[in-house]
Engineer: 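Sharing a structure with you now.
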Amino acid sequence: DGLGVPRSQGLDRFVIHPFSKWRALWDVFSFILVVWDVLVIPMGAFSPPRDGFLGAMEWITRIFWTADFPLAFFRGYVLPSGDLELRLLRAVRKYAQTWLACDLFIVAVDWVEVFVSQAGDMDYARFGRASRTIRVVRMVRLLRILRMREVMSFVLECVNSSKVALFVDVMKLLLVLFVSGHFIACIWYGISASDEGREDTWVFVNDYIDQGFWQRYFISLHWALSQFAGGMDEITPENLEERLVAVIVFLLCFIAAIIFVSNLTSSITQVSLVGGQTSQQQAVLREYLSQNGVTRRLMMRAQRNASHALREQERHMPEENVVLLKQVSEPLRVELHYEMYAPTIRKHPFFDGYCEECPHVMARICHRATMRVLVSAGDAVFYAGELPSNAKMYFVEMGNLSYVEGTGNSSHVGAGWWVSEAVLWTSWEHCGTLVATSQCRLCTISAREFQDVVLSFGHSALSAVQHGKSFVNYLNRLEPDDVTDLSFPDPVQQADGDTGPGSTARGFLNFNAKFARSREFL
């Protein structure tokens, strides 16, 4: 992978990665078919027609799960620790200990059903008993819904917004409510229609026995869903068995309704608490500014800036606010930071090559030396003549800044630029002032931490030390008026006579007299 982990060898290379896009598409399609089974299999109580669309879906489902059976042996998985398991032997062992027996039984039942339906020499009575038995056994297929918990968990882990999470929670509750009503409707109708010669059933008394399939289903579903709200008078039990089922269903639905309302209330309350905390913080800020005699104009600026900072924190949450992240293992956090910061840092030609040659070093740099900062419009990132105690290199991820030289000339700095690379390689005094002209997000590399990480590793083809020496030698060859905090050309390209896209015009900044002497590589 990107951090230099060796690829699997032998048969292990055939193991399907749990996060591959083909695995995701396969899991989504399997989830759709499981939902289809959850809806269609209980509806066998209504004896729906098996030709046309339903017949085609039966074959699609049968073929899909038959193909899924051998593929299950090659599925990689995520361990509880968050690590990936991509070894074939471990994948086979996990499947054999969990779903192998159940899947084998279900697939066998599917094909036995085909064999029974094609048996022409079986008499009608034996065929009817066999079909009813297989119909009951097919209910085992519904156990696959337990396997979909991993798919649902993965989907929920991808939800980043609290509002979207609330919507997903509500939809889950509604789905559970509907599926529960669907099962109850099928059971309610199946009990009444199981004995066709009996006349004291709600189906016979209300003349639904000769109605169409959808009419019978929806009246049963209507009765089932109404139990969550107290029941209905249109359909009532007509015998002891129906009365007993109605009492049990009413009690279960009463408990389910309480759980549904409590979960919905809890989700909405959580969102309200977050909004309430924000309003309280804004009220405290207004009170503080008012008590200290701040002018109305400055007060408005401060309030708007604070509101913007809160919105930015919701969009780009600071790492220190994520308490649970501290419980994540150190190696996994190294991978997280590499994935977060590497795309931005790789816009620099040297770091792009460094990620290819020494990804393990870049991962440590991203983990120890790199962080994101938010800068508001009007804030100064650094000033001309400043000797920073904690020197940093800056990458602009979002927003616009203005770099002002000593003579007053200014240059625009936008997304994709990097500034103050020299602090990584030598002692540096800023040659100009960098001011944000809009709300900005910067990715910073601490020079001290960067140097500690780089010097703790040996290097091969691409050496940060050699690049740093070339960079400092290039600085020493510049005329004083050419020195700037902005991006320089690649010193390696300059040695070959290539000006490069990052070249800086002569006279860009005034040269500080303190830097008239030669710089030394740190």
Engineer: Nearest 0.5 Å, please: how far is CD in E199 from CD1 in I209?
Structural biologist: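 I209 atom CD1 to E199 atom CD measures 11.0 Å (nearest 0.5 Å).
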
Engineer: For E85, give me all partners under salt bridge (charged side-chain N to carboxylate O under 4.0 Å, His left out), at least two apart in sequence or on another chain.
Structural biologist: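 E85 satisfies salt bridge (charged side-chain N to carboxylate O under 4.0 Å, His left out) with R87, R90 only.
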
Engineer: Under the rule for side chain to side chain contact (heavy atoms under 4.5 Å, CB included), what residues qualify as partners of L39, not counting sequence neighbours?
Structural biologist: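 Side chain to side chain contact (heavy atoms under 4.5 Å, CB included) check on L39 returns V35, F178, H182.
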
Engineer: If every non-hydrogen atom of V361 is compared with every non-hydrogen atom of V453, which pair is closest and at what distance?
Structural biologist: O-CG1, 4.0 Å

Engineer: Shortest non-hydrogen contact from L71 to I16?
Structural biologist: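 So the minimum-distance heavy-atom pair works out to O-CD1, 4.4 Å.
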
Engineer: Decide ring-ring contact (aromatic ring centres under 6.0 Å, His included) for F53 and W36; before the verdict, give the C-alpha distance in whole Å, the side-chain angles of both, and the deciding distance to 0.1 Å.
Structural biologist: CA-CA 12 Å; F53 180 72; W36 172 262; 5.6 Å; yes

Engineer: List for me each residue that meets ring pair (Phe, Tyr, Trp, His ring centres under 6.0 Å) alongside F250, sequence neighbours excluded, and say none if there are none.
Structural biologist: none

Engineer: Working note: D110 + T66, criterion side chain to side chain contact (heavy atoms under 4.5 Å, CB included); need CA distance, chi angles, decisive distance, verdict.
Structural biologist: CA-CA 9 Å; D110 281 344; T66 302; 5.9 Å; no

Engineer: Does the side chain of C366 come within less than 4.5 Å of M340's, by heavy atoms?
Structural biologist: no

Engineer: Who pairs with F46 by ring pair (Phe, Tyr, Trp, His ring centres under 6.0 Å), at least two apart in sequence or on another chain?
Structural biologist: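 Scan of F46 (ring pair (Phe, Tyr, Trp, His ring centres under 6.0 Å), adjacent residues dropped) gives Y189, Y217.
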
Engineer: Which residue pairs pass the salt bridge (charged side-chain N to carboxylate O under 4.0 Å, His left out) test when at least one of the two sits in residues 62-76, sequence neighbours left out?
Structural biologist: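 Those involving residues 62-76 are R62-E113, D68-R75, D68-R147.
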
Engineer: Under 3.5 Å, sequence neighbours excluded: what are the donor-acceptor pairs made by side chains of residues 218-229?
Structural biologist:
from, atom 1, to, atom 2, distance (Å)
S220, OG, R216, O, 2.9
S226, OG, H222, O, 3.3
S226, OG, W223, O, 2.6
Q227, NE2, W223, O, 3.0

Engineer: Could you tell me whether the side chain of W59 reaches within less than 4.5 Å of the side chain of V114, counting heavy atoms only?
Structural biologist: yes

Engineer: Does L374 reach the side chain of Q439, with side-chain heavy atoms less than 4.5 Å apart?
Structural biologist: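 Sidechains of Q439 and L374: no contact.
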
Engineer: Any chance you could measure Y341, atom OH, to M371, atom CE, to the nearest 0.5 Å?
Structural biologist: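 Atom-to-atom, Y341:OH and M371:CE are 7.0 Å apart.
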
Engineer: Ring pair (Phe, Tyr, Trp, His ring centres under 6.0 Å) with F29: which residues, sequence neighbours excluded?
Structural biologist: F64

Engineer: Does Y288 have any side chain to side chain contact (heavy atoms under 4.5 Å, CB included) partners at least two apart in sequence or in another chain, and if so, which?
Structural biologist: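 So Y288 forms a side chain to side chain contact (heavy atoms under 4.5 Å, CB included) with N292.
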
Engineer: Could you state the interatomic distance from CG (L177) to SG (C253), rounded to the nearest 0.5 Å?
Structural biologist: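 Going from the CG atom of L177 to the SG atom of C253 covers 8.5 Å.
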
Engineer: Would V203 and W188 count as a side chain to side chain contact (heavy atoms under 4.5 Å, CB included) if you check the C-alpha gap in whole Å, the side-chain angles of each, and the deciding distance to 0.1 Å?
Structural biologist: CA-CA 10 Å; V203 175; W188 176 244; over 6 Å; no

Engineer: For residues A45 and C186, report the shortest heavy-atom separation together with the two atoms involved.
Structural biologist: CB-O, 3.7 Å

Engineer: Is there a side-chain contact between F74 and L88 (heavy atoms, below 4.5 Å)?
Structural biologist: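 Yes, at least one pair of side-chain atoms sits under 4.5 Å.
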
Engineer: Sequence neighbours left out, what passes side chain to side chain contact (heavy atoms under 4.5 Å, CB included) with V179? Give chain and number order.
Structural biologist: V38, L175, F183

Engineer: What residues, two or more places apart in sequence or in another chain, satisfy salt bridge (charged side-chain N to carboxylate O under 4.0 Å, His left out) together with D379?
Structural biologist: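 Listed in chain order: nothing, the list is empty.
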
Engineer: Among all residues two or more places apart in sequence or in another chain, which pass the side chain to side chain contact (heavy atoms under 4.5 Å, CB included) test with L174?
Structural biologist: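 With sequence neighbours excluded, L174 shows a side chain to side chain contact (heavy atoms under 4.5 Å, CB included) to V170, M171, F260, given in chain and number order.
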
Engineer: Can you confirm whether R23 sits close enough to H17 that some side-chain heavy atom of one is under 4.5 Å from a side-chain heavy atom of the other?
Structural biologist: no

Engineer: Less than 4.5 Å apart, side chain to side chain, heavy atoms only: is that true for V375 and Y394?
Structural biologist: no

Engineer: Give me each pair satisfying salt bridge (charged side-chain N to carboxylate O under 4.0 Å, His left out) with a member in residues 367-377, each pair once, sequence neighbours excluded.
Structural biologist: R368-E449, R372-E397

Engineer: Side-chain contact, heavy-atom cut-off 4.5 Å: M362 with I345?
Structural biologist: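 A side-chain contact under 4.5 Å exists here.
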
Engineer: Give the minimum heavy-atom separation between A302 and L285, together with the two atoms involved.
Structural biologist: O-CD2, 4.2 Å

Engineer: Apply side chain to side chain contact (heavy atoms under 4.5 Å, CB included) to residues L401 and L442 and explain how you reach the verdict.
Structural biologist: CA-CA 11 Å; L401 303 97; L442 308 179; 4.2 Å; yes

Engineer: Nearest heavy-atom pair of V396 and G414: which atoms, and what distance?
Structural biologist: CB-O, 3.4 Å

Engineer: Looking only at non-hydrogen atoms, find the nearest pair between S376 and A436 and report the distance.
Structural biologist: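 In terms of heavy atoms, the two residues are closest at O-CB, 3.4 Å.
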
Engineer: Do R346 and Y354 pass the side chain to side chain contact (heavy atoms under 4.5 Å, CB included) test, and can you show the C-alpha distance, the side-chain angles, and the key distance before you say yes or no?
Structural biologist: CA-CA 8 Å; R346 295 187 70 162; Y354 209 37; over 6 Å; no

Engineer: Quick one: is the NZ or CZ of K347 closer than 6.0 Å to the six-membered ring centre of F395, and within 45° of its axis?
Structural biologist: no

